[in-house]
Amino acid sequence: MVKQPDSRDWSGVAALGLIWGGTFMVVAIALEGYGPITVATARTTLGALTLLVLMMLTGRKLPAPSPALWGAIVVIGILSTALPFVLLSWGQQYVPSAFAGLSMAAIPLMVLPLAHFFSDEPLNARRLFGVTLGFSGALVLIGPGLAQLGDGAEPLAQLACISAAFCYSLASIFTRRCPPIDPIVLAALTLVVGALILLPIMLVTEGIPDWQGTRSGFAIIVLGLVPTAFATLLRVSIIRSAGSVFLTLVNYQVPIWSMVFGAWILSEALPLRFYIALALILTGMAISQWFSLRKMLIGR
């Protein structure tokens, strides 16, 4: 059974919301000087190296050979790093960073049904209603794009962002079901998997990157250290401590912060449907996560 979240879990969720909410703005800045595959590869590789160093400094060892464990690590690495990082980086060439952040709010709508079938977190009538309401918000968000799939790259970019959210949802379930392993080791190895997959793809498609100036160069460094290395470690720790459904509470904050950063720092124009979608998705999440929210707000 999943234990009740403690103060450390709640603090971690709050930190992840702010970090991931600002990630899409930083990706947009990195894309000013680098291609999408390079951005995805650089953040994954830098994050992997950072956590491998942390493993060595803390004396952690690689896990013993186990097909189940290492198979899970590979799957989680693909679903939580390589695939969604590429999808988001490519998609953000054509959609506002706020859209990418808002699309992440669809994660709880995907996690709840998956958790019902593949973990010990059942989907009851209240949660089902919340998922349905939130899903309507996702349709509002991408609706115009679905009607224009043949018109340019933007509709496909919107679907790429939603697909990245689905990858993260699957990764949450696999992380929860992963055999016992130290969270730091798991976080490091999943990033290593992502880096090993993306490095040859980058070299073939975009070549060896050059330093493209302070703004985009430092954006990639920040991506590797904060929302990739640190946040991956924090994400794994929260899932294994309090469950994949609890982690979805991060997504109340991510779309709000992404819209704030996008409008405030990048001067992005946000259409009315963004706000309608945000209201529907957040309401759906509030209904589906009512007991967790009540515990956060009134302490019981």
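Reckoned from all heavy atoms, side chains included, excluding hydrogens, waters and symmetry mates.
The shortest non-hydrogen separation linking Trp70 to Ala64 is NE1-O, 3.4 Å. Between Val254 and Gly101, the closest heavy-atom pair is CG1-O, 3.7 Å. Scanning both residues, Ile220 and Ala30, for their nearest heavy atoms gives CG1-CB, 3.8 Å. Between Cys178 and Ala72, the closest heavy-atom pair is SG-CB, 4.0 Å. Nearest heavy atoms, Ile19 versus Pro227: CG2-CA, 3.6 Å.
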Donor-acceptor list for residues 77-84 side chains, cut-off 3.5 Å, not counting sequence neighbours:
| residue | atom | partner | partner atom | Å |
| --- | --- | --- | --- | --- |
| Ser80 | OG | Ile76 | O | 2.6 |
| Thr81 | OG1 | Gly77 | O | 2.3 |

Scan the side chains in residues 180-192 for donor-acceptor partners under 3.5 Å anywhere in the protein, sequence neighbours excluded, and list what turns up.
| residue | atom | partner | partner atom | Å |
| --- | --- | --- | --- | --- |
| Asp182 | OD1 | Arg60 | NE | 2.8 |
| Asp182 | OD1 | Ile184 | N | 2.8 |
| Asp182 | OD1 | Val185 | N | 3.3 |
| Asp182 | OD2 | Arg60 | NE | 3.0 |
| Thr190 | OG1 | Leu186 | O | 3.0 |
| Thr190 | OG1 | Ala187 | O | 2.9 |

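Heavy-atom contacts from other residues, nucleotides or ligands closer than 6.0 Å to CD1 of Ile208 number 12 or fewer. Atom CZ of Phe261 has more than 12 heavy atoms from other residues, nucleotides or ligands within 6.0 Å.
Using a 4.5 Å heavy-atom threshold, the side chains of Pro36 and Gln92 count as separate. Side-chain contact between Leu199 and Thr44 is absent, with no heavy atoms from C-beta onward closer than 4.5 Å. In this structure, the side chains of Leu46 and Thr228 stay at 4.5 Å or more apart for every pair of heavy atoms. Side-chain contact between Cys161 and Leu87: absent, with no pair of heavy atoms (C-beta onward) separated by less than 4.5 Å. Counting only heavy atoms from C-beta outward, the side chains of Arg43 and Ile221 never approach each other to under 4.5 Å. Using a 4.5 Å cut-off on side-chain heavy atoms (C-beta onward), Met104 and Phe24 make contact. Contact annotation: the side chain of Ile201 never approaches that of Thr41 to less than 4.5 Å [non-hydrogen atoms, C-beta and beyond]. Side-chain contact between Val27 and Leu88: absent, with no pair of heavy atoms (C-beta onward) separated by less than 4.5 Å.
Here OH of Tyr168 is found 4.5 Å from CZ of Phe85. Values are rounded to the nearest 0.5 Å. With values rounded to the nearest 0.5 angstrom, Ser258 atom OG is found 10.5 Å from Leu266 atom CG. Note: Met25 CE to Met259 CE = 15.5 Å, rounded to the nearest 0.5 Å. The structure places CZ of Phe99 at 6.0 Å from OG of Ser103, a figure rounded to the nearest 0.5 Å. Rounded to the nearest 0.5 Å, atoms CG (Leu203) and CD1 (Ile37) are 11.5 Å apart. In this structure, CG in Leu102 is found 10.5 Å from OH in Tyr275, a value given to the nearest 0.5 Å.
Counting only N and O atoms by type, the side chains of Ser97 and Glu268 include a donor and acceptor under 3.5 Å apart.
Residue pairs meeting the salt bridge (charged side-chain N to carboxylate O under 4.0 Å, His left out) criterion with at least one partner in residues 10-34, sequence neighbours excluded, are Glu32-Arg215.
The aromatic rings of Trp211 and Phe218 sit perpendicular to each other, their planes meeting at more than 60°, with 30° as the lower class boundary.
Looking at residues two or more places apart in sequence or on another chain, you find a ring-ring contact (aromatic ring centres under 6.0 Å, His included) between Tyr94 and Trp90. Tyr34 pairs by the ring-ring contact (aromatic ring centres under 6.0 Å, His included) definition with nothing, not counting sequence neighbours. Qualifying side-chain hydrogen bond (donor to acceptor under 3.5 Å, both in side chains) partners for Glu206, counting only residues two or more places apart in sequence or in other chains: Thr38.
Phe230 and Leu49 fall into different hydrophobic clusters, where Ile, Leu, Val, Met, Phe, Trp and Tyr are joined by side-chain heavy atoms under 4.5 Å apart, directly or via other members. Hydrophobic clustering (side-chain heavy atoms under 4.5 Å, transitive across Ile, Leu, Val, Met, Phe, Trp, Tyr) groups Ile265 together with Val226. Leu62 and Val53 fall into different hydrophobic clusters, where Ile, Leu, Val, Met, Phe, Trp and Tyr are joined by side-chain heavy atoms under 4.5 Å apart, directly or via other members. Under the 4.5 Å side-chain contact rule for hydrophobic residues, Trp264 and Val95 share a cluster.
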(message) Could you go through Val193 and Ile197, starting from their C-alpha distance and side-chain angles, then the distance that decides it, and tell me whether this counts as side chain to side chain contact (heavy atoms under 4.5 Å, CB included)?
(response) CA-CA 6 Å; Val193 169; Ile197 293 172; 4.0 Å; yes
